[in-house]
Enquirer: 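Take this structure, written in structure tokens, and hold onto it; I'll ask about it next.
Throughout, a chain's letter reflects where its sequence line sits, starting with A, and its residues are numbered from 1.
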Amino acid sequence: MSELQLSTTAGVLYTLDRMTTSDVELMLGVKAGDDACFEALLARYRTPLVVFLYRMVRDRAAAEDLAQEAFLRVFRARASYAPDAKFTTWLFRIAANLALNWLRDGRRRAQELSLDRAEEDERPALDLPDTGATIEQRMLERERALRIREAVAALPEKQRAAVLLHKYQDLDYGEIARILGCSQSALKSLLFRAYETLRVRLSAEVAAPGKGR
Amino acid sequence: MNCQRIESALLAVLDGRATAAEKEQAAAHIAQCADCARRMESLRDAWNALDHLPAIEPSPLFDARLRARLAEEAVAPRPRWFAWPLAHLRLVALAAGLVAVTAVWLSVRPAAVLPTPAREQSQQDFAVVKNLPILENYDVLSNFDALTALPGAQQDASQAQPME
Ligand SMILES: [Zn+2]
């Protein structure tokens, strides 16, 4: 009953400027029952979450399914939400666990099958910007993107998660360590090993710089 | 300083989070270690190459599917959140029933006993008013159900796929 009254208040409050409202404020709005706040969080993190999960599991349908599951879990847990940690740390922790579990379960499935499917699934999904480059240039760009993807995909799962969170999300070492459930120093060595592996795998790729653009 | 102990500083230089001390450490080591100088260079190439890692856009049906899943939970017994508006709907019905009964009773009874039931009734009216936003929530829920019908078939397909 009191939740309801809070929700109306929150509704008025958060419709004012939802774009600049902090994640924590939005999540407190969700906790108070304001659907608009959930929508705002969804709008903010839908794409980063789907992209992160896609790069983890390499399966578009699975990535979307897992992202939805992550949002569902946030919604289910809203009543016990306490703003003691950064929202993204929580969200990506849920997502990373979902991805790692999915991959672990997947090892029992026919893996090659799903990889083939990912390959096929993704061909049109390579969103290389149309920079007015020639067809050859674009083919090279595409080739390059595929090789980078292969190199990232070949990383051990936890290293891959660490790199994806470190390179593409605005998270510091402490936050990533919390997401992956390890110490900061363990994370740093995990990251360094991952980048070492990548640099070796991509050295053929980057041996010819200046190409492309 | 040995090459392994400098890794943390190299990493921080790579991602641009190095403190002044780390920058100095890394620079000093690189200046006198050709291996690490090369290593740092190719690390930077790899770091930049990652800018070209392919991404995807969520499908246009992403939100609709998520809402359908939220609505599914609403009808399932599990979550308390979507269950309580329905529980309160019953309260609303109960309150409305009481109001009706009281009204009938009042119309039959002599006016002398009015004060007490009048207060009761106003409380019941207040209960109904207080529950109105819940009814709005219920409308939202119903709309979620409408969305279920829209992407339903495809949603089932996409959920089934990863389980193959
Ligand atoms: Zn060295």
Side-chain angles (χ1 to χ4, degrees), chain A residues 1 4 7-8 33 35 42 46-47 50-51 54-55 57 59-68 71-72 75-76 78-79 102 106 109-110 113-114 122 125-128 141 144-146 148-149 152 163 166-168 172-173 185 188-189 191-192 195-196 198-203 205-206 209, chain B residues 4 7-12 14-15 17 39-59 61-63 65-70 72-73 78-82 84-85 88 91 127 130-134 136-137 140 154-155 157-164:
Chain A
M1 204 56 75
L4 179 74
S7 112
T8 354
D35 286 342
L42 183 60
R46 181 200 297 118
T47 301
V50 168
V51 169
Y54 172 69
R55 286 166 167 172
V57 304
D59 179 310
R60 180 186 273 270
E64 294 215 352
D65 191 49
L66 294 174
Q68 283 161 16
F71 280 116
L72 275 172
F75 191 75
R76 276 181 213 142
R78 71 199 171 286
W102 189 89
R109 299 189 294 260
L113 235 163
S114 80
E122 210 166 279
L126 285 174
D127 60 341
L128 301 175
E141 279 280 311
R144 183 185 192 203
L146 289 174
I148 294 164
R149 195 189 63 188
V152 171
V163 165
H166 175 243
K167 170 75 187 177
Y168 306 102
D172 62 33
Y173 296 128
S185 61
K188 284 183 187 178
S189 89
L191 281 172
F192 200 84
Y195 288 116
E196 280 276 290
L198 286 175
R199 89 177 169 87
V200 172
R201 290 219 181 99
L202 293 173
S203 61
E205 165 67 35
V206 293
Chain B
Q4 216 184 335
E7 284 178 354
S8 162
L10 293 186
L11 181 69
L14 187 69
D15 67 18
R17 295 167 194 184
R39 187 155 73 140
M40 191 61 206
E41 204 179 312
S42 82
L43 275 173
R44 199 166 269 136
D45 286 339
W47 174 264
N48 292 333
L50 286 177
D51 291 336
H52 300 269
L53 186 65
I56 55 166
E57 280 292 322
S59 78
L61 289 178
F62 184 89
D63 286 14
R65 283 175 188 152
L66 178 57
R67 284 193 194 101
R69 286 173 76 171
L70 281 166
E72 244 169 62
E73 297 216 349
R78 185 180 174 185
R80 300 158 306 274
W81 175 253
F82 275 116
W84 73 253
H88 283 249
L91 272 185
K130 240 169 40 170
N131 280 300
L132 277 179
I134 295 168
E136 285 166 24
N137 278 357
V140 173
Q154 283 176 50
Q155 182 213 357
S158 78
Q159 279 178 337
Q161 272 170 6
M163 298 305 163
E164 273 162 17

Enquirer: Is any NZ, NE, NH1 or NH2 atom of the basic residue among B:R69 and A:D65 found under 4.0 Å from an Asp or Glu carboxylate oxygen of the other?
Expert: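 Looking at B:R69 and A:D65, the cut-off is met.
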Enquirer: Please round to the nearest 0.5 Å and tell me the distance separating atom OG of A:S203 and atom CD of B:E41.
Expert: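 Reported to 0.5 Å precision, the distance equals 12.5 Å.
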Enquirer: CG/B:D51 to NZ/A:K167 distance, rounded to the nearest 0.5 angstrom?
Expert: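 The distance works out to 4.0 Å.
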Enquirer: Under a 3.5 Å threshold, yes or no: a donor from one side chain and an acceptor from the other, between B:D15 and A:Y173?
Expert: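 Checked: B:D15/A:Y173 side chains pair up, N/O donor to acceptor below 3.5 Å.
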Enquirer: Report yes if some heavy atom in the side chain of B:F62 is under 4.5 Å from a heavy atom in the side chain of A:L42; otherwise report no.
Expert: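 Of all side-chain heavy-atom pairs linking A:L42 with B:F62, at least one is under 4.5 Å.
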Enquirer: Are B:L50 and A:Y195 close enough that some pair of their side-chain heavy atoms sits under 4.5 Å apart?
Expert: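 B:L50 reaches A:Y195 side chain to side chain.
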Enquirer: Over all heavy atoms of both residues, which pair between A:E64 and B:S59 is shortest? Give the atoms and the distance, please.
Expert: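 Looks like OE2-N, 2.5 Å.
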Enquirer: Any idea which heavy atoms bring B:L11 and A:K188 closest together, and the distance?
Expert: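 Looking at all heavy atoms of both residues, the shortest contact is CD2-O, 3.8 Å.
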Enquirer: To the nearest 0.5 Å, how far apart are CG in A:L202 and NE2 in B:H52?
Expert: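 NE2 of B:H52 is found 11.0 Å from CG of A:L202.
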Enquirer: Using every non-hydrogen atom in the two residues, find where A:A145 and B:P54 come nearest and quote the distance to one decimal.
Expert: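 Taking every non-hydrogen atom into account, O-CD, 3.6 Å.
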Enquirer: Between B:D63 and A:R46, does at least one N-O distance fall below 4.0 Å, as a salt bridge requires?
Expert: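 A salt bridge links B:D63 with A:R46.
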Enquirer: Apply side-chain contact (heavy atoms from CB on, under 4.5 Å) to the pair A:V50 and B:E57, showing each step before the final yes or no.
Expert: CA-CA 8 Å; A:V50 168; B:E57 280 292 322; over 6 Å; no
Enquirer: Please classify the contact between B:R39 and chain A as side chain, backbone, both or neither, with a heavy-atom cut-off of under 4.5 Å.
Expert: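 The answer is both parts of B:R39.
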Enquirer: Quick one: CG on B:D45 to CG on A:L198, what's the gap to the nearest 0.5 Å?
Expert: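 If we round to the nearest 0.5 Å, B:D45:CG and A:L198:CG are 12.5 Å apart.
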Enquirer: Less than 4.5 Å apart, any side-chain heavy atom of B:E73 and any of A:R76?
Expert: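 In contact.
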